[in-house]
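Below is one structure; the comments refer to it alone.
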Amino acid sequence: MGKLKPGVVFGEDYKTLIDACREGKYALPAVNVVGTNSINAVLEAAAKNKSDIIVQLSNGGAQFNAGLGMEDAFQAKVLGAVSAARHVHLLAEHYGVAVVLHTDHANRKLVPWLEALIQHGEQFFKDTGKPLFSSHMLDLSEESIEDNLSESERLLKMMAPLQMSLEIELGVTGGEEDGIGSDEDIGADNPKLYTQPEDVLQAYDRLNKLGHFSVAASFGNVHGVYKPGNVKLRPEILRESQKLVAETHNLPENPLALVFHGGSGSDKDKIAESLNYGVFKMNIDTDTQFAFANPVGAYVEKNAAAFKYQIDPEDGTPYKKLYDPRKWLRAGEQGIIERLGEACEDLRCAGKSLAQ
């Protein structure tokens with residue numbers, strides 16, 4: 001398998017990375033970020049674990065990165081994503097790993113957000129010879145299969161000349177992710193949570209000729225963490241989808257690039273099984289949010305007085321070194337790094353970076 005230059009990957013290098021994952025039966029963590037602290041923690045975790053990584057932004061994460069004080073919310077979602085992407089382009093190569101830049105769940109109302117990012121990507125491509133993002137996700141899983149695939153075709157035609165990939169969703173990932181979806185979808189008996197292999201084949205037939213794409217095929221996965229028994233993962237759906245496409249088109253095993261959404265809280269044995277069926281990417285957000293918050297909370301609890309007073313009211317001790325944001329923000333970063341170390345082990349990607 002070929003080696004890659006450290007930094008943001010796209011086009012043929014992105015395909016090389018995916019092929020390595022599928023052939024080696026491992027996957028990369030795809031981590032939702034909301035600012036430079038979480039971005040830097042993800043890059044550091046990748047370097048520490050000698051793993052390539054996927055940095056992704058939801059529309060809300062992008063808006064937060066731009067600043068919630070920006071009055072034009074749409075502009076904030078666009079510019080926040082652009083700013084984060086440029087940050088990753090600037091730093092990724094210095095961490096010595098290959099990084100995929102991706103945007104997460106965009107439903108029908110967020111298509112203009114994707115179109116604006118593609119426009120920024122066109123200018124970035126003219127200036128640098130690279131796309132701004134490696135890939136974007138279009139989530140029209142709540143629409144009819146025809147609406148989903150026709151819009152996927154339209155956007156992929158725009159993205160392919162920029163050497164970008166499109167991720168689509170077939171079937172509904174349960175739960176809610178930054179305003180997309182609803183907890184009402186959750187339940188082991190909900191047929192919406194299980195993608196039909198015939199739909200995956202139809203997607204392959206229509207999109208493969210236009211450019212590179214990946215599929216988030218639902219097999220009972222949900223966003224967030226829920227009590228045992230409320231979620232039933234069925235990775236065999238991925239196996240049967242791959243099998244149908246391979247047999248129909250006389251292709252090798254696991255011809256599709258598949259994505260595992262809602263990785264937080266998932267059973268480790270189901271994660272391991274999914275890696276046998278062409279999953280190259282597993283989304284993780286809820287767990288890394290908690291991994292950031294938990295050590296920050298512990299730090300504040302341990303140094304409670306420093307978050308109430310600049311100077312101790314009894315003995316005059318200055319607390320500047322304790323309430324310095326770099327102290328507690330770093331604690332949060334280290335929490336993310338630790339959790340991603342666990343994810344790299346679960347996904348079997350530790351020590352397998354293609355970057356040289």
Side-chain angles (χ1 to χ4, degrees), residues 7-15 30 32-36 39 54-93 99-141 143 147-169 177-180 203 206-207 209-216 259 281:
V8 176
V9 298
F10 61 95
E12 292 301 318
D13 286 347
Y14 181 49
K15 295 177 186 178
N32 284 62
V33 297
V34 298
T36 56
I39 291 172
I54 301 171
V55 175
Q56 63 186 24
L57 290 109
S58 66
N59 72 98
Q63 182 179 5
F64 189 85
N65 186 56
L68 296 183
M70 187 176 290
E71 292 186 6
D72 187 330
F74 179 78
Q75 184 182 47
K77 291 176 181 180
V78 173
L79 296 183
V82 171
S83 176
R86 286 180 174 271
H87 180 85
V88 175
H89 274 279
L90 181 63
L91 296 184
E93 64 181 282
V99 179
V100 175
L101 259 173
H102 181 68
T103 56
D104 203 11
H105 292 277
N107 61 9
R108 175 69 70 183
K109 69 180 181 181
L110 288 169
V111 168
W113 178 56
L114 287 189
E115 292 172 331
L117 290 179
I118 293 171
Q119 291 174 359
H120 277 273
E122 289 174 345
Q123 186 59 53
F124 193 81
F125 192 86
K126 291 178 182 178
D127 295 340
T128 67
K130 305 175 182 179
L132 186 59
F133 283 87
S134 310
S135 56
H136 290 304
M137 182 190 183
L138 176 68
D139 180 1
L140 298 184
S141 55
E143 314 286 340
D147 287 345
N148 190 342
L149 294 181
S150 62
E151 187 69 348
S152 297
E153 288 175 322
R154 185 181 74 84
L155 287 176
L156 186 53
K157 289 176 182 177
M158 296 170 61
M159 295 164 61
L162 304 177
Q163 300 183 49
M164 297 175 65
S165 179
L166 176 68
E167 179 185 323
I168 67 169
E169 179 153 346
E177 176 66 24
D178 213 351
I180 310 299
R206 293 179 62 166
L207 299 180
K209 58 190 176 185
L210 301 177
H212 188 268
F213 73 100
S214 59
V215 179
V259 176
K281 169 181 184 276

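The shortest side-chain heavy-atom distance between Val34 and Asn65 does not fall under the 4.5 Å cut-off. Contact check for Leu138 versus His105: no side-chain heavy atoms found under the 4.5 Å cut-off. Side-chain contact between Pro131 and Met164 is present, with heavy atoms from C-beta onward closer than 4.5 Å. The shortest side-chain heavy-atom distance between Ser150 and Arg206 falls under the 4.5 Å cut-off. At least one side-chain heavy atom of Leu207 sits less than 4.5 Å from a side-chain heavy atom of Ser152. With contacts defined as side-chain heavy-atom distances shorter than 4.5 Å, the pair Lys130/Val8 does not qualify. In this structure the side chain of Lys281 reaches within 4.5 angstrom of the side chain of Gln56, judged on heavy atoms. Put simply, the side chain of Glu151 reaches to within 4.5 Å of the side chain of Arg108, judged on heavy atoms.
The line from CG of Leu57 to CG of Asp104 is 9.0 Å long, rounded to the nearest 0.5 Å. The distance from the OG atom of Ser58 to the CZ atom of Phe64 is 11.5 Å, given to the nearest 0.5 Å. Atom CD of Glu153 sits about 10.5 Å away from atom CZ of Phe213, to the nearest 0.5 Å. Note that CE of Met137 and CD of Glu169 are 4.0 Å apart. Values are rounded to the nearest 0.5 Å. Distance CD1/Ile54 to OG/Ser134: 8.5 Å, rounded to 0.5 Å.
Between Val259 and Glu167, the closest heavy-atom pair is CG1-OE2, 3.7 Å. When every heavy atom of Met159 is checked against every heavy atom of Ser165, the shortest pair comes out as CE-O, 2.9 Å. Across Gly121 and Leu162, no two heavy atoms sit closer than the pair C-CD1, 4.2 Å.
With respect to Glu115 and Arg154, a salt bridge is recorded, a charged nitrogen being found less than 4.0 Å from a carboxylate O.
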Q: Report the C-alpha distance between His136 and Leu117 in whole Å, list the side-chain angles of each, state the deciding distance to 0.1 Å, and finish with yes or no for side chain to side chain contact (heavy atoms under 4.5 Å, CB included).
A: CA-CA 9 Å; His136 290 304; Leu117 290 179; 3.9 Å; yes
(Q) Could you go through Leu155 and Met158, starting from their C-alpha distance and side-chain angles, then the distance that decides it, and tell me whether this counts as side chain to side chain contact (heavy atoms under 4.5 Å, CB included)? (A) CA-CA 5 Å; Leu155 287 176; Met158 296 170 61; 3.9 Å; yes
Q: Output, in order, the C-alpha distance, side-chain angles, deciding distance and verdict of ring pair (Phe, Tyr, Trp, His ring centres under 6.0 Å) for His102 and Phe133.
A: CA-CA 6 Å; His102 181 68; Phe133 283 87; 8.4 Å; no
Give the table of side-chain donor-acceptor pairs shorter than 3.5 Å for residues 66-85, with sequence neighbours excluded, one pair per line with atom names and distance.
{"unit_1": "Asp72", "atom_1": "OD1", "unit_2": "Phe74", "atom_2": "N", "d": "3.2"}
{"unit_1": "Asp72", "atom_1": "OD1", "unit_2": "Gln75", "atom_2": "N", "d": "3.0"}
{"unit_1": "Lys77", "atom_1": "NZ", "unit_2": "Asn59", "atom_2": "OD1", "d": "3.2"}

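Checking each of Val100, Ile39, Val33 against Val88 for a side-chain contact (heavy atoms from CB on, under 4.5 Å) leaves exactly one that passes, namely Ile39.
Close placement of the Phe124 and His89 rings is indicated, their centers lying within 6.0 Å of each other.
No side-chain donor from either of Asn148 and Glu143 sits under 3.5 Å from a side-chain acceptor of the other.
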